[in-house]
Protein chains: 2
Amino acid sequence: MELLILAPLAGLVSIIAAFYFHWYVNRHDVGSSKMKEISDAIRIGANAYLKRQNMALAAFVAVMAIILGVAFMNYHLAIAYVLGSICTTAAAYFGMNAAVRANVRTANSAQKGVDKALPVAYFGGAVMGLSIVGMAVLGTSVLYFIYNDIYQDPGLALTTVLGFSFGASALALFAKAGGGIFTKTADIGADLVGKVELGIPEDDPRNPAVIADNVGDNVGDVAGMGADLIDSYIAGMIATMLLGAALYGNIIYVILPLIVKALGIVASILGILFVRVRIKGNPGAALNRGTFATCIIFAALLFVTIESLNLGEQGLGLFLSTIAGLVAGVVIGITTDFFTSIDRTPVFRTAESSKTGAAINIISGFSYGLLSIIPPTIGIVLAILASWNISLFYNVNPFYGIATAAVGMLATLGTVIAADAYGPIADNAKGIAEQSGLGEEVISLVDRLDAAGNTTKAISKGFAIGAAALQVIALFFAYSLEVGIPGIINLMDPYVIGGVFIGAMMPPVFSALLMLAVGKNSYIMVEEVRRQFKEIPGLMEGKSKPDYARCVDIATKGALKELIPSGVLAIGVPLVVGFALGKEALAGFLGGSIITGIIFALLMANAGGTWDNAKKYIEEGKFGGKGSEAHKAAVVGDTVGDPFKDTAGPSLNTMITVMALAATVFAPLFL
Amino acid sequence: MELLILAPLAGLVSIIAAFYFHWYVNRHDVGSSKMKEISDAIRIGANAYLKRQNMALAAFVAVMAIILGVAFMNYHLAIAYVLGSICTTAAAYFGMNAAVRANVRTANSAQKGVDKALPVAYFGGAVMGLSIVGMAVLGTSVLYFIYNDIYQDPGLALTTVLGFSFGASALALFAKAGGGIFTKTADIGADLVGKVELGIPEDDPRNPAVIADNVGDNVGDVAGMGADLIDSYIAGMIATMLLGAALYGNIIYVILPLIVKALGIVASILGILFVRVRIKGNPGAALNRGTFATCIIFAALLFVTIESLNLGEQGLGLFLSTIAGLVAGVVIGITTDFFTSIDRTPVFRTAESSKTGAAINIISGFSYGLLSIIPPTIGIVLAILASWNISLFYNVNPFYGIATAAVGMLATLGTVIAADAYGPIADNAKGIAEQSGLGEEVISLVDRLDAAGNTTKAISKGFAIGAAALQVIALFFAYSLEVGIPGIINLMDPYVIGGVFIGAMMPPVFSALLMLAVGKNSYIMVEEVRRQFKEIPGLMEGKSKPDYARCVDIATKGALKELIPSGVLAIGVPLVVGFALGKEALAGFLGGSIITGIIFALLMANAGGTWDNAKKYIEEGKFGGKGSEAHKAAVVGDTVGDPFKDTAGPSLNTMITVMALAATVFAPLFL
């Protein structure tokens with residue numbers, strides 16, 4: 001009984017902790033009236049965007065809910081779907097609200113030292129991390145208990161709870177894609193005219209797109225990334241519960257994923273508290289300490305809990321599978337970091353090649369992005385083979401064992417998101433410090449906070465992609481059970497081959513649509529920024545103010561217009577394949593989409609990171625430094641990388657999750 | 001009996017026709033002594049490169065032959081392997097030899113009109129086309145007859161003949177990768193300093209890298225492309241013969257692929273003769289007429305031949321499967337052309353976005369490259385499903401039916417290669433016309449010939465990639481029969497999943513290595529060209545001559561250094577996967593490599609084509625024309641596209657073929 005209560009309780013505690021950190025951030029002072037003004041503009045812009053996005057999505061959610069209700073003649077699935085949408089949105093909104101308050105307070109606290117500023121930024125990020133995982137575990141566990149009570153059958157109950165995951169993932173996809181388009185439209189528009197054409201610094205208040213750029217960091221990187229990770233988290237958990245229900249009679253295997261997540265929440269809350277730094281300390285090391293502390297605490301808690309469940313050798317097998325997933329996640333993150341780290345060969349060579357112009361810089365960064373696929377791929381394969389063989393050895397059902405590895409990989413998500421959301425908060429703090437003229441010393445201090453965020457971001461992205469791979473494989477198993485082809489999907493069946501080809505095509509096509517949207521919108525943005533500099537007298541001299549709102553509006557409209565088509569694609573194509581070519585083809589489709597989804601996600605995230613840091617490396621004074629030809633070339637590479645790493649790349653793992661969920665949820669209809 | 005003789009006879013006729021066209025080209029006058037001088041420099045440079053490449057590869061072939069001989073304790077496989085290597089090299093060398101003679105003669109004939117110049121260029125390309133297919137069919141059929149006589153078992157004979165295919169493909173991979181690195185090193189080096197930094201025209205004789213660039217067109221585009229397509233052609237043919245031997249008792253199904261190829265050769269020779277143009281005619285239309293005429297003649301010949309074989313409903317099924325492959329090939333080529341055509345939206349938008357700088361140009365071209373995956377993927381899937389269902393309907397073994405579609409798709413390869421090799425000949429003719437000052441009118445005429453070649457090239461690339469996909473699927477079936485897991489490769493087996501992930505990783509990693517090689521070498525080339533302009537007095541004013549040979553040497557050394565590692569990767573990794581993870585994992589590995597191999601090949605070929613034509617579009621005077629900021633941005637895009645479309649992209653289909661062959665040939669060892 002106490003086991004049943006563990007999950008909702010942990011979820012609740014997590015939400016309470018999120019409120020505490022929100023309160024902690026708010027307690028700090030915003031600083032000068034200039035700082036308040038800038039931060040208000042960012043907050044208002046971000047809120048306005050989210051409001052408009054949510055209104056557009058409300059209509060979509062309503063239509064989907066009606067379709068689900070009518071198609072299945074059962075309102076429970078529709079309700080779960082709507083709840084999933086609402087929970088994701090609420091958590092992302094709350095987290096972003098903390099972030100837009102934390103940024104200005106971080107900048108202000110930085111005047112007192114790094115030891116004062118780091119906690120504000122990090123705990124600001126923790127609000128997102130803990131509200132997301134809390135909402136996810138609370139929602140899933142409560143819905144499961146309710147529907148299990150109604151249906152008196154864990155399998156049926158979970159098929160309905162899957163609607164919760166579907167709602168959360170669909171919303172996450174929209175949030176990530178929309179936020180990603182917004183943020184890069186603004187970023188590219190601001191940079192191309194401001195930095196490249198006019199030579200004014202980044203985040204200069206004269207740039208009309210600067211507020212849109214700062215807003216973008218929040219709606220794209222904070223809200224979008226938060227929404228992005230929740231979907232893998234929930235889907236992996238429910239898929240494993242479904243496998244537990246289908247493969248085992250024992251209820252303990254159904255609720256074990258909930259227990260693992262609950263322990264992960266406890267570990268995350270404790271681990272987050274480890275992130276402290278002294279006045280002369282290294283912020284990057286502090287962030288990593290938080291991640292490692294969480295992992296160790298989690299492993300310890302898990303071991304004790306599984307021992308107390310008396311599952312015998314199976315318990316040990318499940319513990320080892322979970323830990324295999326966790327270790328793979330960390331290893332993937334660290335090795336991938338090699339390709340984007342500012343003091344490693346890939347970034348150095350990419351920066352060096354900028355001396356011959358933008359073209360070779362791009363070829364170089366792109367190539368290292370392709371090579372960066374190697375460590376995560378090997379990590380994923382080892383995690384799969386390890387958990388499979390561990391499971392066979394300890395008499396655990398091996399499909400369940402692999403799914404458990406996926407649950408383990410994401411168990412400590414609270415900390416991962418906290419460190420991830422920290423990045424844009426520090427980035428925004430830097431912008432605010434520059435725009436409000438806090439002086440060289442403070443700016444360089446906030447810059448150090450920002451740089452620490454970049455590495456963390458690279459690690460957690462690798463982590464998220466690795467986890468998404470395992471989690472979608474778990475969903476893939478769940479799908480095959482659901483459609484009644486358990487255990488065999490034949491790669492020599494031409495319908496499976498056809499499905500694989502079509503599925504593999506989806507992630508690149510989806511990326512292309514998002515990037516074209518960025519290209520198109522930033523083209524409009526560039527024209528607008530150029531127009532303002534031309535038509536507003538005294539703008540360049542800083543004597544008059546630009547029309548920030550107009551740029552925010554362009555980014556908003558552009559993002560919202562592209563949202564619905566990409567979402568419809570992700571939900572619609574799997575259904576078309578299922579109805580037209582059958583369940584085997586759809587299984588192949590999911591398999592194909594996982595493969596290219598992971599490869600393109602890694603390529604885009606890491607090539608983008610390499611270009612970004614190659615530019616930063618040159619800005620440190622190497623190869624001619626700022627303003628040199630090499631720097632201009634590196635800025636082109638960085639700009640190409642923007643939609644790679646912040647729009648298309650991070651949307652892909654959500655996209656493959658949404659497709660797998662659409663397939664599994666709608667499977668009864670085309671059987 | 002007459003059927004058995006058909007294939008070697010057609011092969012012989014093809015080679016004789018190639019000699020005729022070589023003689024036809026040579027009959028034409030080379031023009032002025034200036035033209036002779038330039039063309040001699042290109043020919044000598046190209047021959048010198050091929051000689052050095054062949055010496056390096058001779059050592060590799062010898063080592064491989066010894067490994068094969070020792071591992072299988074049977075010298076037959078080693079002999080077939082060596083013969084495959086030699087045939088490919090000889091055909092590619094002969095074809096290139098014609099091309100380096102045709103280019104200068106095309107330029108000279110252009111002074112008398114387009115009706116005189118087109119045949120020289122096109123029949124020059126036909127030498128490559130016909131010598132390649134002739135050698136392939138002659139070699140395969142003769143070896144098959146000899147070993148069938150020795151072993152008295154078609155299956156055993158074909159397992160040995162597979163060595164011929166393996167040798168041809170391995171050499172093709174080296175030729176394509178090496179030539180691709182050579183050509184782009186020279187091209188980028190020449191363009192970045194000449195066009196971008198100094199603003200001198202393309203193919204300007206003052207540029208030290210100009211001869212290396214022209215040599216590159218021949219060793220990369222002509223020799224490399226010829227070698228590239230032969231591997232799919234041979235492998236698909238032998239794989240289908242293997243399936244015929246394994247699935248049918250009747251010998252007719254074993255030799256049917258040989259008959260289909262023989263008919264394709266006859267159709268190609270006749271179709272090539274259709275390529276004529278009037279003095280005011282359109283060269284592009286003439287090239288397409290050749291392709292369509294070949295297809296129609298082939299279909300008619302095939303129908304009559306199959307009817308005469310009295311195979312009943314199975315005959316009709318096989319005819320329709322073959323035609324399904326052929327139609328899919330043409331449709332894939334034409335639809336893919338949309339994405340790279342100078343008068344279509346993708347090129348227009350990419351050119352337009354250059355107005356905001358290089359970054360959005362690159363994002364745009366890359367995105368359209370991703371979208372270009374759609375039509376070929378759907379085409380491949382439809383070809384597979386159509387030939388599968390046709391086969392089931394007409395009682396043909398469906399695996400054999402799909403393989404037959406692959407044979408059909410490439411049956412008219414002679415014409416496809418002729419049109420493809422025409423491209424670089426026309427391109428070189430343009431360069432020679434410019435360097436020897438033939439005057440505006442002649443240059444613009446040769447330019448029209450060149451432009452016609454670009455579209456043909458795009459079509460035949462799409463064609464080649466589609467065919468490679470089907471052909472590797474046929475090999476994949478053959479592999480599964482060979483290793484004794486016929487009919488089932490389970491996508492839910494974790495070893496298969498692991499294999500799929502590792503296999504899918506290979507094409508991107510291979511691309512990265514080739515592109516990094518281009519980046520590294522062109523960096524050296526840029527430094528050398530800059531040095532010459534700085535240190536050789538009077539070079540810029542045209543008063544002294546640059547050191548062409550040194551640039552040719554840099555490109556040669558750079559290409560040869562990277563050759564062996566990439567080849568070892570393609571042959572070695574499948575063996576490691578087979579030995580370490582087993583035959584199921586290796587099957588998954590092949591499946592994964594096919595998927596991403598096709599996707600990356602299409603992306604790279606088409607994104608490259610889009611960038612190239614966007615630049616040309618601007619050079620026509622749009623968006624500011626030559627020398628504008630938009631043009632500079634488009635040149636960056638074009639340079640990024642160079643290694644995409646001419647180095648990495650075209651190597652990928654050969655790479656997946658080599659991996660599939662390595663797996664199938666070495667399968668007996670790890671069983």
Side-chain angles (χ1 to χ4, degrees), chain A residues 188 192 196 353 356-360 362-364 366-368 370-371 373-374 377-378 380-381 384-385 388 398 402 473 477 480 487-492 494-498 500-502 504-505 508-509 511-512 515-516 518-519 522-523 526 587-588 591-592 595-596 599 603 636 639-640 643, chain B residues 188 192 196 353 356-360 362-364 366-368 370-371 373-374 377-378 380-381 384-385 388 398 402 473 477 480 487-492 494-498 500-502 504-505 508-509 511-512 515-516 518-519 522-523 526 587-588 591-592 595-596 599 603 636 639-640 643:
Chain A
I188 294 176
L192 279 188
V196 179
S353 64
T356 51
I360 303 188
I362 286 168
I363 293 169
S364 175
F366 186 77
S367 304
Y368 284 114
L370 290 173
L371 291 183
I373 299 168
I374 301 174
T377 303
I378 293 176
I380 291 169
V381 171
I384 293 172
L385 293 181
W388 176 269
I402 289 179
I473 290 172
F477 293 154
S480 84
I488 289 193
I489 293 167
N490 185 7
L491 201 48
M492 285 187 72
Y495 285 89
V496 173
I497 296 177
V500 168
F501 268 104
I502 299 174
M505 176 183 90
V509 166
S511 308
M515 289 198 295
L516 283 176
V518 170
S522 41
Y523 183 84
V526 164
I595 296 297
T596 53
I599 285 181
L603 160 64
V636 173
T639 311
V640 171
Chain B
I188 294 177
L192 279 188
V196 179
S353 64
T356 52
I360 303 189
I362 286 167
I363 292 170
S364 176
F366 186 77
S367 303
Y368 284 115
L370 290 173
L371 290 183
I373 299 167
I374 301 174
T377 303
I378 293 177
I380 291 168
V381 171
I384 293 172
L385 293 182
W388 177 269
I402 290 179
I473 290 173
F477 293 155
S480 84
I488 289 192
I489 292 165
N490 185 7
L491 202 48
M492 286 188 70
Y495 285 90
V496 173
I497 296 178
V500 168
F501 268 103
I502 299 173
M505 177 182 90
V509 166
S511 309
M515 289 198 295
L516 283 176
V518 170
S522 42
Y523 183 85
V526 163
I595 297 296
T596 54
I599 285 181
L603 160 64
V636 173
T639 312
V640 172

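Throughout, protein chains are lettered first and strands after them, A, B, ... in sequence-line order, and every chain is numbered starting at 1. The structure displayed is predicted, hence computed values, not measured ones.
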**Prompt:** Side chain, backbone, both or neither: which part of A:Ile360 has a heavy atom under 4.5 Å from chain B?
**Reply:** side chain
**Fill in**
Applying a strict 4.5 Å limit to non-hydrogen atoms, the region of B:Ile374 in contact with chain A is both
**Request:** I would like to know whether B:Ile362 and A:Phe366 meet side-chain contact (heavy atoms from CB on, under 4.5 Å); could you show each step before the answer?
**Result:** CA-CA 12 Å; B:Ile362 286 167; A:Phe366 186 77; over 6 Å; no
**Prompt:** Side chain, backbone, both or neither: which part of A:Pro494 has an atom under 4.5 Å from a heavy atom of chain B?
**Reply:** both
**Prompt:** Rounded to the nearest 0.5 Å, how far does CD1 of B:Ile497 lie from CG of B:Asn490?
**Reply:** 8.5 Å
**Message:** With side-chain contact (heavy atoms from CB on, under 4.5 Å) as the criterion, how do B:Ser480 and B:Ile489 come out once you've worked through the C-alpha distance, each side chain's angles and the decisive distance to 0.1 Å?
**Reply:** CA-CA 8 Å; B:Ser480 84; B:Ile489 292 165; 4.1 Å; yes
**Message:** Looking at chain B, which one of A:Ala512, A:Ala358, A:Pro643 has the largest number of heavy-atom pairs inside 4.5 Å, strictly under?
**Reply:** A:Ala512
**Request:** Report the option among B:Leu491, B:Val496, B:Leu192 that has the most heavy-atom pairs separated by less than 4.5 Å from atoms of chain A.
**Result:** B:Leu491
**Prompt:** For B:Val526, is it the side chain, the backbone, both, or neither that has a heavy atom closer than 4.5 Å to a heavy atom of chain A?
**Reply:** side chain
**Item:** Where B:Val509 and A:Leu370 come nearest, the two heavy atoms and their spacing
**Value:** CG2-O, 4.2 Å
**Request:** Tell me, out of A:Ser353, A:Gly498, A:Ala587, who's got the most heavy-atom pairs with chain B below 4.5 Å.
**Result:** A:Gly498
**Rounded distance [0.5 Å steps], CD1 in A:Ile363 versus OG1 in B:Thr639** = 7.5 Å
**Message:** For B:Ala504, give me all partners under side chain to side chain contact (heavy atoms under 4.5 Å, CB included), at least two apart in sequence or on another chain.
**Reply:** A:Ile595, A:Ile599, B:Thr596
**Asked** In terms of heavy-atom pairs under 4.5 Å, which option from B:Leu371, B:Ile402, B:Val518, B:Leu603 contacts chain A the most?
**Response** B:Leu371
